[in-house]
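As a basis for the values below, the full set of heavy atoms in this structure was taken, side chains included, without hydrogen atoms, waters or symmetry mates. Start at 1 and go down the list; that is how both ligands and their atoms are numbered.
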Amino acid sequence: MTIYSASAPAKAILLGEHAVIYGKPAIAIAIDKRVVTTVQNSYEMTLNGKHIDMEYHPHIEYFSEKYNEKPIAVTSATQIPPSSGLGSSAAFCASLSLAIRMKREDSKETFDVANDAFCAEFHAQGRASPIDTFTSTFGGGIAINANGIGKKLGDVEKNGNIWHVESVKVPKMTLVVGYTGIKASTSELVNRVKQFKEKNSFANEIIDELGTNTETGIRALTEEDFVTLGKVMSKNHRLLSVLGVSCNELNKLVEASEKYSYGAKLTGAGGGGSMIALTDQPEMVCKAIRLHGGEPFVVETTSVGAKEES
Ligand code: MEV
């Protein structure tokens, strides 16, 4: 029986998480850690050899319902800790989207692969922006609502929201990731912000400020102005903390890294997961993160998005 295999990279959001759900700009980069996913025909739906109940696997359920798929066996191997803020589920969706298209002999147009991956993520989370799935599918740098700073890839529409997606040329940068070891559910954190917004009138001002701040950061990134970008990242972290998506462990790692960095912030949904530091002293940052209870690793940007594997 033919096995169809595809892989996709993890991502790190440099600026704009959460606010992007409400139409504000965001920028993310694909990083050199990948998820490899395979699909093949089967007599029952399985994931890594175990029968699955679709209720608990909404990403797979999305594809199964959309394509009226006969049972398939899915396997997934990842270099990314799950629920770590580095987009393991987006990379899974992107690689699954491509593998299913290979099996069906459908178009492998990158935008279509990304859009399907986004719809699967949206189906699973109930609320999502395209930042994670488009970054995992396209690779490189992806900006949302960046006002033409990058190269236009297209618009994504869902439930009355429209996001303008652009690819952005990203300079060589060293980022240190600090993983707290705390697994955090993206949908719970996205909901937390929604509730915070409903209860606190000033939440919209914070979200607006996150938007303005991110715009400054995207411009600084394209000008390779790491000093401004770093300052904006640290400010972004403080604003996200006010929105209630940071935690003590993340704050400790951010604070400890800032001494040796241009800037540092939580990345992704927050509530645990990971932080990133932009630095030219990666060893010092790794040491500081380790000393404060985190697990550090240095990441590089990759331009290789979702791709077919043999
Ligand atoms: C999660 O990596 C980023 C969020 O903004 C959710 C999303 O955009 O779908 C928290």
Side-chain angles (χ1 to χ4, degrees), residues 8-31 33 35 58-59 62 78 80-94 114-138 141-146 156-159 161-165 175 177 179-180 182-197 203 206-207 210-211 213-214 217-218 233 236-237 239-247 250 265-276 299:
K11 58 84 208 181
I13 298 190
L14 293 180
L15 295 162
E17 48 274 269
H18 288 289
V20 66
I21 290 186
Y22 301 98
K24 303 296 172 197
I27 172 95
I29 53 165
I31 57 175
K33 303 245 173 258
V35 170
H59 299 98
Y62 165 81
T78 178
I80 316 159
S83 308
S84 62
L86 300 174
S88 57
S89 83
F92 174 61
C93 288
N115 203 34
D116 247 0
F118 165 60
C119 291
E121 189 90 312
F122 195 96
H123 177 73
Q125 275 175 215
R127 215 165 239 273
S129 81
I131 184 95
D132 292 4
T133 40
F134 272 69
T135 306
S136 271
T137 313
F138 277 89
I142 292 290
I144 305 283
N145 298 342
V156 177
E157 198 267 327
K158 195 88 186 161
N159 288 6
N161 291 312
I162 296 182
W163 292 274
H164 310 294
V165 186
L175 286 172
V177 173
Y179 177 42
T180 58
I182 302 168
K183 291 190 174 173
S185 148
T186 302
S187 56
E188 266 174 47
L189 284 142
V190 166
N191 250 327
R192 192 186 291 177
V193 174
K194 181 172 169 269
Q195 281 165 13
F196 186 85
K197 247 170 77 65
I206 307 279
I207 288 173
L210 276 164
N213 190 52
T214 296
I218 299 177
M233 285 169 68
N236 209 275
H237 179 78
L239 291 169
L240 287 167
S241 305
V242 180
L243 276 189
V245 295
S246 191
C247 62
L250 278 169
K265 63 180 278 290
L266 69 84
T267 187
S274 306
M275 49 70 67
I276 47 170
V299 294

Enquirer: Using the six-membered ring wherever Trp is involved, compare the ring planes of F134 and F138 and label them parallel, tilted or perpendicular (cut-offs 30° and 60°).
Expert: parallel
Enquirer: Parallel, tilted or perpendicular for F92 and H59, by the 30°/60° rule?
Expert: perpendicular
Enquirer: I'd like to know if the side chain of R127 and the backbone of V190 have a donor-acceptor N/O pair within less than 3.5 Å.
Expert: no
Enquirer: Donor-acceptor pair, K11 side chain versus G85 backbone, under 3.5 Å?
Expert: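 At least one qualifying donor-acceptor pair exists.
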Enquirer: Starting at CD1 of I218, measure out to CG of L15 and round the result to the nearest 0.5 Å.
Expert: 7.0 Å
Enquirer: What's the separation between atom OG in S129 and atom CD in E121, rounded to the nearest 0.5 Å?
Expert: 9.0 Å
Enquirer: Give every pair formed by an N or O atom of ligand 1 and a protein N or O atom closer than 3.5 Å, one pair per line with both atom names and the distance to 0.1 Å, or write none.
Expert:
residue  : atom  : partner : partner atom : Å
ligand 1 : 2 (O) : K11     : NZ           : 2.8
ligand 1 : 2 (O) : D132    : OD1          : 3.2
ligand 1 : 2 (O) : D132    : OD2          : 2.7
ligand 1 : 5 (O) : H18     : N            : 2.9
ligand 1 : 8 (O) : S129    : OG           : 2.6
ligand 1 : 9 (O) : S129    : N            : 2.9

